[in-house]
Amino acid sequence: MKMKENLKLYVKYASACTQSVMQYKLSFLLMVIGRFILTFGELIALKFLFSSFAQIKEYTYGDVLLCFSVIQLSFTFAELFGNGFKTFSGMVRRGEFDRMMLRPRSLILQVIGSRFEVGRTGPLLAAVITLVMGIWYSRITWNIMTIWTIAAMIIGGTLLFIGLFMLEASFCFFSIEDTSLINVLTYGAKAHGKYPIDIYGKGILRFCTYVIPYTLIQYYPLQFLLGKTRNWQLAFCPLGIIGFLSICYFLWRTGVKHYKSCGS
């Protein structure tokens with residue numbers, strides 16, 4: 001019952017944010033088009049790269065397209081639903097978080113509901129087009145496990161980035177300001193995540209497995225998806241993101257307990 005009520009409240013939050021943005025329809029349209037062009041520009045750059053190289057460490061153009069689209073979709077969904085965590089430092093400075101703590105509702109629900117980024121539909125559309133192209137060029141074999149793997153990679157990636165946004169917000173309880181380190185992990189993952197992680201070397205592969213587990217939603221399930229291994233257990237690697245998200249939630253709760261009002 002509580003879950004149902006929270007879902008209804010989130011829909012109202014999202015509706016209010018959408019109505020606010022749509023008050024300026026031309027501005028919204030230009031924003032969507034601009035973000036679409038920026039995202040699609042990365043796809044064009046990728047095409048130019050493969051005009052000179054047939055493969056990058058045994059990965060074809062279609063393989064990289066598929067990898068890039070999963071990361072792009074995950075990051076866009078995370079910004080769409082979890083952007084409140086990215087702007088959390090401003091809420092703390094302005095004293096808005098103080099008001100949230102007085103309300104009889106989930107703090108996480110209020111934070112993510114305060115910033116529903118409907119303008120992310122531009123990058124989302126570009127990412128969907130890239131995914132379709134990646135599936136077409138990579139010639140993957142369709143079956144139940146293939147559908148599961150792609151869905152798990154995208155959902156797991158979304159939860160991974162939301163967890164990183166939550167981690168960034170947790171640091172704001174102690175430093176007030178945003179931390180550039182977390183931005184390196186989020187935007188850095190989006191940038192280098194367009195390629196399979198193993199092309200960067202074993203050191204980066206280990207870091208992205210045991211520290212910030214990007215490989216669970218990118219590299220390992222991608223190996224199974226592209227037929228580079230018959231180890232079907234790799235398709236379930238994205239489930240490991242639940243553990244990472246639990247750690248991020250624990251740090252968030254720790255930050256809330258140690259929070260001291262900044263005033264307003």
Side-chain angles (χ1 to χ4, degrees), residues 39 42-43 45-78 124 126-164 185-186 188-248:
T39 304
E42 298 181 34
L43 176 61
L46 203 60
K47 180 63 176 178
F48 277 120
L49 176 65
F50 275 91
S51 65
S52 301
F53 302 95
Q55 293 183 339
I56 297 180
K57 199 176 181 179
E58 300 182 355
Y59 293 103
T60 65
Y61 174 61
D63 298 341
V64 175
L65 267 183
L66 189 61
C67 182
F68 169 66
S69 63
V70 167
I71 293 295
Q72 185 64 45
L73 270 172
S74 300
F75 191 83
T76 304
F77 277 130
L124 183 62
V128 170
I129 293 174
T130 307
L131 178 62
V132 173
M133 292 176 62
I135 292 174
W136 174 261
Y137 281 104
S138 60
R139 304 292 183 181
I140 61 177
T141 303
W142 283 103
N143 51 50
I144 295 177
M145 287 299 294
T146 300
I147 296 173
W148 157 263
T149 305
I150 293 177
M153 290 170 71
I154 295 173
I155 295 174
T158 302
L159 294 178
L160 171 68
F161 284 114
I162 289 178
L164 288 172
L185 296 177
T186 53
K190 179 189 173 185
H192 70 248
K194 67 178 67 174
Y195 304 103
I197 296 295
D198 62 328
I199 72 170
Y200 300 106
K202 292 183 179 181
I204 298 296
L205 182 63
R206 293 192 188 98
F207 177 83
C208 294
T209 300
Y210 301 109
V211 182
I212 305 296
Y214 298 128
T215 53
L216 297 184
I217 55 94
Q218 195 244 47
Y219 173 71
Y220 292 116
L222 187 68
Q223 301 306 301
F224 171 76
L225 195 62
L226 298 177
K228 296 181 179 298
T229 178
R230 294 183 179 181
N231 187 1
W232 59 268
Q233 289 94 335
L234 294 180
F236 294 89
C237 282
L239 295 177
I241 296 300
I242 297 175
F244 175 74
L245 195 62
S246 299
I247 295 173
C248 294

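We number each residue from 1, following the sequence as shown.
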According to side chain to side chain donor-acceptor pair (under 3.5 Å), who are the partners of Gln218, at least two apart in sequence or on a separate chain? none

Who passes side-chain contact (heavy atoms from CB on, under 4.5 Å) against Ala235, sequence neighbours left out? Met145, Trp148, Thr149, Phe224

Inter-residue atom distance Leu226.CG - Thr146.OG1, 0.5 Å rounding: 10.0 Å

Please report the closest heavy-atom contact between Gly134 and Leu65, naming both atoms and the distance. CA-CB, 3.7 Å

Test side-chain contact (heavy atoms from CB on, under 4.5 Å) applied to Ile155 - qualifying residues, sequence neighbours left out: Leu159

For the CG atom of Leu216 and the CE atom of Met153, what is their distance to the nearest 0.5 Å? 11.0 Å

Kindly determine whether Thr76 and Thr158 satisfy side chain to side chain contact (heavy atoms under 4.5 Å, CB included), including the steps that lead there. CA-CA 8 Å; Thr76 304; Thr158 302; over 6 Å; no

List for me each residue that meets side chain to side chain donor-acceptor pair (under 3.5 Å) alongside Thr130, sequence neighbours excluded, and say none if there are none. none

Ignoring hydrogens, what is the shortest heavy-atom contact between Gly163 and Cys248? Give both atom names and the distance. O-SG, 3.3 Å

Name all pairs fulfilling the side chain to side chain donor-acceptor pair (under 3.5 Å) condition that reach into residues 226-247, sequence neighbours left out, sorted by first residue then second. none

Atom CG in Leu225, atom CD1 in Ile147: separation rounded to 0.5 Å? 11.0 Å

Side-chain donor-acceptor pairs of residues 196-204 under 3.5 Å, sequence neighbours excluded:
unit_1	atom_1	unit_2	atom_2	d
Asp198	OD1	Tyr59	OH	3.2
Asp198	OD2	Tyr59	OH	3.2
Tyr200	OH	His192	O	2.8

What pair of heavy atoms forms the shortest contact from Phe161 to Ala78, and how long is it? CB-CB, 3.5 Å

To the closest 0.5 Å, what do you measure between CG (Leu131) and CH2 (Trp136)? 14.5 Å

Those residues that, when tested against Phe207, pass ring pair (Phe, Tyr, Trp, His ring centres under 6.0 Å) (two or more places apart): none

With no hydrogens and no angle check, is any side-chain donor or acceptor of Ser74 less than 3.5 Å from a backbone partner on Ile154? yes

Only counting residues at least two apart or in another chain, list the ones meeting ring pair (Phe, Tyr, Trp, His ring centres under 6.0 Å) with Phe68. none

According to side chain to side chain donor-acceptor pair (under 3.5 Å), who are the partners of Thr215, at least two apart in sequence or on a separate chain? Thr209

For Tyr61, the ring pair (Phe, Tyr, Trp, His ring centres under 6.0 Å) test, sequence neighbours excluded, returns Phe50, Tyr137

Within the structure provided, determine whether Ile71 and Tyr214 are in side-chain contact (heavy-atom separation under 4.5 Å). no

Quick one: pull up CG in Leu124 and CZ in Phe75 and give me the separation to the nearest 0.5 Å. 13.5 Å

